[in-house]
Amino acid sequence: MAKEVVPFTVTCSGGEEANGIANIMQALLAQNFANKPHLVKTARKMRHPVTIVNTDTETECTLDFASNGITIYNGIVGEPNIAVYASSDQLLQLSQMKVKAGGKLPVGLLSPRSPVLRQLIARQIIIKGLFSHYFASMRTLALISLAD
């Protein structure tokens, strides 16, 4: 008997009034789930909301996880355990970073030549909750990574 597939959606709660970072995250996540369906399993392991802050535009969005999808809100909603503070260019770098094993192995972060690692050390990219919620942080990076 075939296993029933439950659809997994990514929606912006603001609709047409969603801010720029919410729209970017919605497009990025939708593309990732279409190209890498195994990421749905990673997303379903997320228990708390995650905030993404674009430091260029000072806009924020919150990713709220549920078993059937992700809802993206303008601003900070709830009490997120993870908050990523990065510029547009840095968010692009994060999306190009290789992450394996559903976020457990951040291959692109472990390289000493990694621009992301250097920017994390220099506090140019800030991931609040990186150490206290390590697996959730790495799952977040896996969800936004377009790299294979």
Less than 3.5 Å apart, which donor and acceptor atoms pair up between the side chains of residues 119-128 and the rest of the protein, not counting sequence neighbours?
residue: Q119; atom: OE1; partner: Q90; partner atom: NE2; Å: 2.8
residue: Q119; atom: NE2; partner: Q93; partner atom: OE1; Å: 2.6
residue: Q119; atom: NE2; partner: P115; partner atom: O; Å: 3.3

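Taking N19 as the reference, N74 meet the side chain to side chain donor-acceptor pair (under 3.5 Å) condition, with sequence neighbours excluded. Residues satisfying the ring pair (Phe, Tyr, Trp, His ring centres under 6.0 Å) test with Y85, not counting sequence neighbours, are none. With sequence neighbours excluded, no residue satisfies side chain to side chain donor-acceptor pair (under 3.5 Å) with T11.
Atom OG1 of T9 and atom CD of Q26 lie 9.5 Å apart (nearest 0.5 Å). From L28, atom CG reaches atom CG of L91 across 9.0 Å, with rounding to the nearest 0.5 Å. In this structure, the separation between OG on S95 and CG on N32 is 8.5 Å, given to the nearest 0.5 Å.
Side chains of I144 and M97 form no contact here, defined as non-hydrogen atoms less than 4.5 Å apart.
In the hydrophobic cluster analysis, where Ile, Leu, Val, Met, Phe, Trp and Tyr join through side-chain heavy atoms closer than 4.5 angstrom, I21 is grouped apart from L92. In terms of hydrophobic clustering, with Ile, Leu, Val, Met, Phe, Trp and Tyr side chains grouped at heavy-atom distances under 4.5 Å, V53 and M46 are assigned to different clusters. The hydrophobic cluster containing L143 also contains V10, counting ILVMFWY residues as joined when their side-chain heavy atoms lie under 4.5 angstrom apart, directly or transitively. Cluster annotation: L63 and V77 are assigned to distinct hydrophobic clusters (Ile/Leu/Val/Met/Phe/Trp/Tyr, side-chain heavy-atom contacts under 4.5 Å, transitive). Hydrophobic clustering (ILVMFWY, side-chain heavy atoms < 4.5 Å, transitive): L146 and V40 are in one cluster.
Counting only residues at least two apart or on different chains, the side chain to side chain donor-acceptor pair (under 3.5 Å) pairs with a member in residues 49-63 are T51-T62, N54-S88, D56-S88, T57-T59. Applying the ring-ring contact (aromatic ring centres under 6.0 Å, His included) test to pairs two or more places apart or on separate chains, none has a residue in residues 50-78.
Classified by interplanar angle (parallel below 30°, tilted 30° to 60°, perpendicular above 60°), the ring pair H48/H133 is tilted.
The two residues A43 and F33 come nearest to each other via the heavy atoms CB-CZ, 3.8 Å. When all heavy atoms of C12 and A22 are compared, the pair lying nearest together is SG-O, 3.5 Å.
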